[in-house]
Amino acid sequence: MQKIDWDNLGFDVRETRSMYKANCRIGEEWKLGGLIPYGTIELSPAAGVLNYGQGCFEGTKAYRTIKNQVVLFRPEMNAKRMAMSTRRLCIPEMNKEFFLQAVEETLIDNIDYVPPYGKGSLYIRPIVWGTSTALGVKPVEEYTFMVFVSPVGPYFKGGVKPLRLTVSNDYHRAAPKGIGNAKAIGNYSASLYPLTEAKNRDFDEVIFLNAKDEKFVEEVGSANLFVLTGNTIKTPKLDGSILPGITRDSVITLAKDTIGLEVLETNVTLTELYDADEVFCTGTAVVVTPVGSITGLDGKHKIADGKMGQLTSKLRQLLTGIQRGDVSDEFGWLYPIKE
Ligand code: PLP
Ligand code: COI
């Protein structure tokens with residue numbers, strides 16, 4: 001086990017032992033790559049990714065369970081989403097076996113960076129981009145896939161406090177029929193300016209509305225949104241501009257099958273959020289995080305006091321309980337790693 005201050009991990013990049021690298025040419029299959037020491041890489045200034053944003057990534061976490069076993073959580077879903085994102089960005093599609101082999105190999109070589117039980121997780125970032133050059137706008141010839149890891153704690157500074165959100169009225173995250181449902185790097189660059197403006201105004205994150213008519217909510221920064229009213233949970237339906245979150249899918253199953261609530265994947269309005277009993281967001285990085293207030297054009301709407309709502313808390317406990325091996329893995333979501 002590495003000597004790291006496990007109690008004070010944030011969500012930052014920390015150097016680890018190694019990273020995975022593989023290459024592929026357009027029209028060919030991905031062939032297994034290998035591990036190299038963690039460090040910087042060389043890239044032409046004319047690389048496809050630097051000029052035309054031809055890149056996408058994934059995010060998953062490895063956890064140490066109560067029995068001291070290292071597990072991944074539903075990594076096949078990341079493989080599936082990576083295939084979908086690469087297809088959309090004209091990057092050679094990688095198959096599930098290739099993706100999982102790369103993730104596992106990187107994890108096993110850096111296994112001593114997985115935090116102890118209950119102290120965070122090892123964030124795993126598979127990323128793929130167009131490496132060779134292009135001056136005219138087109139998919140380039142050569143691609144690089146890498147996996148790097150970093151031990152992490154909570155995404156938001158100060159842990160799991162209810163978020164203060166603001167509605168983005170001046171900017172959209174993703175266009176209808178655009179790349180919002182892919183984990184494309186360009187979606188994140190589009191979110192940086194609204195996020196920075198929001199942080200300057202002392203908000204934690206931004207709620208993005210649908211670009212077509214701004215009638216419905218879509219996502220919170222880099223997480224999916226949920227709203228509880230009575231015994232019904234609603235979450236924005238996946239209509240092309242929302243990322244199909246793996247945590248979102250897991251929380252829907254837990255809410256329906258484990259807790260017995262009605263879950264609707266549908267259009268969700270800001271008014272429904274303002275009037276809700278609980279609002280929370282979900283994601284690999286944010287896990288299940290409560291929303292405390294939302295500020296829109298008509299002012300601030302308080303949703304929760306300083307503490308987490310009952311259902312938010314229950315869902316968070318169930319999800320993290322499964323990930324840490326405290327709660328029975330009844331849906332077969334854990335993917336044990338043989339060290
Ligand atoms: N929405 C966006 C835009 C994201 O970046 C993420 C994070 O991956 C999510 C939602 C949540 O997805 P997941 O639960 O798969 O991490
Ligand atoms: C994740 O939750 O894994 C993400 O990718 C969100 C993010 C930090 C971009």
Side-chain angles (χ1 to χ4, degrees), residues 9-14 55-63 72-85 88 99 103 120-128 147-157 160 163 165 168 171-175 178-192 194-195 199 204-211 217-226 235-255 265 268 280-289 291 315-316 318-320 322-323 333 335:
L9 288 173
F11 198 86
D12 305 300
V13 176
R14 280 180 187 247
C56 58
F57 67 97
E58 268 305 320
T60 188
K61 282 173 170 174
Y63 309 84
L72 287 166
F73 184 74
R74 310 186 75 187
E76 307 88 347
M77 298 279 284
N78 296 93
K80 198 169 135 196
R81 194 169 59 190
M82 184 64 130
M84 189 267 288
S85 302
R88 180 65 178 83
F99 178 90
V103 165
S121 54
L122 189 70
Y123 189 79
I124 303 175
R125 172 57 61 82
I127 177 158
V128 61
V147 184
F148 67 90
V149 299
S150 182
V152 296
Y155 189 69
F156 295 105
K157 287 202 170 60
V160 200
L163 299 176
L165 303 181
S168 175
Y171 310 100
H172 297 138
R173 189 191 85 94
I179 52 173
N181 58 349
K183 214 160 160 60
I185 57 176
N187 290 331
Y188 297 83
S189 50
S191 74
L192 295 178
L195 177 64
K199 291 208 164 162
D204 300 306
E205 264 293 354
V206 177
I207 294 185
F208 290 102
L209 302 175
N210 71 316
V217 297
E218 290 206 323
E219 301 198 61
V220 175
S222 40
N224 296 114
L225 253 179
F226 283 81
T235 188
K237 66 172 186 235
L238 301 176
D239 61 354
S241 47
I242 293 178
L243 193 81
I246 296 160
T247 323
R248 174 187 183 278
D249 184 81
S250 310
V251 160
I252 289 175
T253 301
L254 290 171
E265 296 181 62
V268 180
F280 57 92
C281 57
T282 66
T284 301
V286 306
V287 192
V288 175
T289 298
V291 173
L315 285 167
R316 189 181 166 94
L318 280 171
L319 182 72
T320 56
I322 293 173
Q323 290 165 338
W333 287 339
Y335 184 99

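Both counts, for ligands and for their atoms, begin at 1 and track the order of listing.
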Anything under 3.5 Å between an N or O on ligand 1 and a protein N or O? List each pair with its distance, or write none.
unit_1	atom_1	unit_2	atom_2	d
ligand 1	1 (N)	E219	OE1	2.4
ligand 1	5 (O)	K183	NZ	3.1
ligand 1	5 (O)	Y188	OH	2.4
ligand 1	8 (O)	K183	NZ	2.7
ligand 1	14 (O)	I246	N	3.2
ligand 1	14 (O)	T247	N	2.9
ligand 1	14 (O)	T247	OG1	2.5
ligand 1	15 (O)	R81	NH1	2.8
ligand 1	15 (O)	R81	NH2	3.2
ligand 1	15 (O)	I246	N	2.7
ligand 1	16 (O)	T284	N	2.8
ligand 1	16 (O)	T284	OG1	2.5

Identify the protein atoms, limited to N or O, that lie within less than 3.5 Å of an N or O atom of ligand 2, and list each pair with its distance to 0.1 Å.
unit_1	atom_1	unit_2	atom_2	d
ligand 2	2 (O)	T284	N	3.4
ligand 2	2 (O)	A285	N	2.8
ligand 2	3 (O)	Y123	OH	2.6
ligand 2	5 (O)	Y123	OH	3.2
ligand 2	5 (O)	K183	NZ	2.7

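Within the 3.5 Å criterion, the main-chain N or O of E58 finds a donor-acceptor partner in the side chain of R125. Between the side chain of S150 and the backbone N or O of D12, at least one donor-acceptor pair lies under 3.5 Å. Checking side-chain atoms of T247 against main-chain N and O of T284 turns up a donor-acceptor pair under 3.5 Å. One N or O on the side chain of R81 and one on the backbone of P244 form a donor-acceptor pair closer than 3.5 Å.
Across every non-hydrogen atom of N224 and R248, the tightest pair is OD1-CB, 3.5 Å.
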For residues 181-188, tabulate all N or O donor-acceptor pairs below 3.5 Å that involve a side-chain atom, not counting sequence neighbours.
unit_1	atom_1	unit_2	atom_2	d
K183	NZ	Y188	OH	3.0
N187	ND2	I179	O	2.7
N187	ND2	A182	O	2.9

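The side chain to side chain contact (heavy atoms under 4.5 Å, CB included) test with E218 singles out one residue from L243, D239, L209, V268, and that residue is D239. For the ring-ring contact (aromatic ring centres under 6.0 Å, His included) criterion with Y123, the lone passing option out of F73, F57, Y155, F11 is F11.
Listed by chain and number, the residues in a side chain to side chain donor-acceptor pair (under 3.5 Å) with S85 amount to none (sequence neighbours excluded).
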